[in-house]
Amino acid sequence: MLPPPPAWATAGQYALAVVAGVAGWLAGAADRLSGPLTPAAAELVGALLVLDVLIGTALLAVLPLRHRHPLPVACVAAAVLPFSASSVGAAAFAVGATATRRRRDWAVTVAVVAVVGATGAEVLYPGFSLDGIALILLFVVACLATGTYLGTRRELIAALHERAVTAERERVLAAGAAREAERTRIAREMHDVLAHRISLVALHAGALTYREDLTRIETVDAAVIIQSNAHLALAELREVLGVLRTSGDPADGAAEQPQPTLAELPALLADVREAGSLVRLDNTVAAPVVPQLLSRTAFRIVQEALTNARRHAPGAAVTIRLARADSSTGENDGGHLEVKISNSVTAPTQPSPEPDPGVGLIGLAERAELAGGSLQAGPQPDGTFVVQARLPWPA
């Protein structure tokens with residue numbers, strides 16, 4: 001809905017109605033006084049001119065009611081128009097205000113009232129001819145046409161205004177949703193990047209805390225592993241922050257580093273084994289043939305599962321299985337990539353020094369859903385903890 005017009009525009013309409021009324025009254029007076037008049041005729045003409053002014057003033061006084069009661073005001077204006085030349089301005093605004101509602105029955109009613117009023121004026125004034133009736137009817141039709149045009153234009157502007165407001169509101173909501181999605185992506189990437197390295201640092205630092213039988217060389221080796229993983233974590237954090245600082249334009253900074261895929265799985269397992277974990281890999285798919293998005297999602301699932309295994313069951317053997325399976329429903333000709341990571345729940349070595357678990361598995365489940373797959377994680381009756389994902393393989 002459009003805002004109401006300013007006060008100066010309303011005042012300008014009334015001023016224009018007054019000027020038009022004065023011009024109409026002067027034209028009518030000049031026409032009536034143009035010929036020779038007897039004293040009685042001159043008195044009658046004077047009375048009619050005074051009555052003309054009174055009718056025009058009264059119609060101007062009720063003109064503010066045209067918005068609340070458009071049809072009655074327009075009918076009164078059309079009825080008195082043949083009798084009062086000074087009401088021409090007020091009658092034009094009253095009839096036009098009715099036409100802005102774009103109701104055909106109202107327009108016909110006003111036109112009929114104007115014809116009836118003009119016919120009555122012809123009876124009362126012998127000098128009022130059929131040309132006068134036609135002129136008044138033409139005036140009313142012109143006012144109705146103008147009002148219809150203004151009403152259509154006003155509705156169009158209101159619709160465009162509402163559309164612009166809706167578009168702006170949707171733009172603000174879309175921007176907020178984009179910011180929220182970006183925050184979620186940043187949190188997920190930082191978790192995936194840092195959790196693996198920090199868990200290795202915590203594991204070896206915990207070993208130095210709990211193990212008192214380590215030799216000098218073993219202590220130095222553990223410290224070197226802690227130092228190297230801390231440096232790698234810092235470097236990976238810089239890469240993530242560098243991506244966040246750039247807008248993706250090569251001119252703004254360094255290009256975004258490629259995310260790890262299953263091609264980096266041997267290096268990940270080497271780090272885990274170097275940290276003392278027992279990991280067995282059963283992989284029947286070749287990394288180069290796995291689509292990039294699927295490969296990246298699978299790598300993150302394996303990485304997070306290994307991190308959780310070190311956190312909750314340090315020292316327990318971990319089994320990783322990657323296999324491609326045909327689709328059982330026939331909805332995806334490419335089949336599925338099955339990712340399964342299992343380990344014993346009870347650890348055979350010292351307890352983990354890390355704090356309570358976070359939301360890593362929740363993030364993995366969201367990643368799997370975004371990829372069109374599913375992920376389940378939980379303890380099994382045989383005493384193992386299993387993370388199993390089923391990801392669609394594009395045809």
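On a predicted model such as this, the values are computed, not experimentally measured, just so you know.
A 6.0 Å sphere centred on CD1 of Ile217 holds no more than 12 heavy atoms belonging to other residues, nucleotides or ligands.
A donor-acceptor distance shorter than 3.5 angstrom exists from the side chain of Thr166 to the backbone of Glu162, with no hydrogens or angles considered. With Glu264 contributing its side chain and Thr261 its backbone, the two residues share a donor-acceptor pair below 3.5 Å. No donor-acceptor distance shorter than 3.5 angstrom exists from the side chain of Ser87 to the backbone of Gly56, with no hydrogens or angles considered. Asp52 contributes a side-chain N or O that, together with a main-chain N or O of Ser86, makes up a donor-acceptor pair within less than 3.5 Å. A distance-only check finds no donor-acceptor pair linking the side chain of Ser277 to the backbone of Arg273 [under 3.5 Å]. With Thr152 contributing its side chain and Thr148 its backbone, the two residues share a donor-acceptor pair below 3.5 Å.
A pairwise comparison of heavy atoms in Pro291 and Pro394 identifies CG-CD, 3.9 Å as the closest pair. Of all non-hydrogen atoms in Phe385 and Pro379, the two that sit nearest each other are CD1-N, 3.6 Å. Scanning all heavy atoms of the two residues, the minimum distance from Arg300 to Pro260 falls at NH2-CD, 3.5 Å. Pairing each heavy atom of Leu81 with each of Val88, the nearest pair is CD1-CA, 3.8 Å. Closest of all the heavy-atom pairs between Ala230 and Val201 is N-CG2, 3.8 Å. Nearest approach of Ala20 to Gly89, heavy atoms of both residues: CB-CA, 3.7 Å.
One hydrophobic cluster, built from ILVMFWY side chains closer than 4.5 Å, holds both Leu63 and Val53. One hydrophobic cluster, built from ILVMFWY side chains closer than 4.5 Å, holds both Val339 and Leu269. Hydrophobic clustering, with ILVMFWY side chains joined whenever heavy atoms are under 4.5 angstrom apart, groups Val22 together with Leu60. Taken together through direct or relayed side-chain contacts under 4.5 Å among Ile, Leu, Val, Met, Phe, Trp and Tyr, Leu306 and Ile225 form parts of separate hydrophobic clusters. Under the 4.5 Å side-chain heavy-atom criterion for ILVMFWY residues, no single connected hydrophobic cluster contains both Val19 and Trp25.
Taking 4.5 Å as the limit, every side-chain heavy atom of Leu51 sits out of range of all side-chain heavy atoms of Phe83. Taking the side chain as every heavy atom from C-beta outward, Arg310 and Thr307 approach each other to under 4.5 Å.
We find that Arg324 and Glu338 are not joined by a salt bridge, their nearest charged nitrogen and carboxylate oxygen being 4.0 Å or further apart.
Tested against Ser295, the residues Val290, Leu391, Val289, Leu337 include a single side-chain contact (heavy atoms from CB on, under 4.5 Å) partner, Val290.
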Apply side-chain contact (heavy atoms from CB on, under 4.5 Å) to the pair Leu265 and Val302, showing each step before the final yes or no. CA-CA 9 Å; Leu265 185 58; Val302 173; 3.8 Å; yes
Apply the test side-chain contact (heavy atoms from CB on, under 4.5 Å) to residues Val165 and Glu168: give CA-CA distance (whole Å), side-chain angles for both, the deciding distance (0.1 Å), then the verdict. CA-CA 5 Å; Val165 171; Glu168 178 64 19; 5.8 Å; no
Pair Asp282-Ile320, side-chain contact (heavy atoms from CB on, under 4.5 Å): steps then yes or no: CA-CA 6 Å; Asp282 181 10; Ile320 303 171; over 6 Å; no
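Under a 4.5 Å side-chain heavy-atom cut-off, the cluster of Ile, Leu, Val, Met, Phe, Trp and Tyr residues that includes Leu54 is completed by Val50. Grouping Ile, Leu, Val, Met, Phe, Trp and Tyr residues whose side-chain heavy atoms lie under 4.5 Å apart, directly or via other members, leaves Val386 alone, with no other cluster members.
Atom CD in Gln376 sits 11.5 Å away from atom NZ in Lys340 (nearest 0.5 Å). A distance of 10.0 Å separates OG1 of Thr319 from CG of Leu281, quoted to the nearest 0.5 Å. Rounding to the nearest 0.5 angstrom, the gap separating the CD1 atom in Ile341 from the CD atom in Gln303 is 11.5 Å. To the nearest 0.5 angstrom, Glu274 atom CD is 9.0 Å from Asp221 atom CG. Rounded to the nearest 0.5 angstrom, Asn343 CG and Leu278 CG are separated by 11.5 Å. In this structure, CG on Leu322 lies 11.5 Å from CZ on Phe299, to the nearest 0.5 angstrom.
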Side-chain donor-acceptor distances from residues 104-118 under 3.5 Å, at least two apart:
from, atom 1, to, atom 2, distance (Å)
Asp105, OD2, Arg103, NH2, 3.0
Thr109, OG1, Asp105, O, 2.8

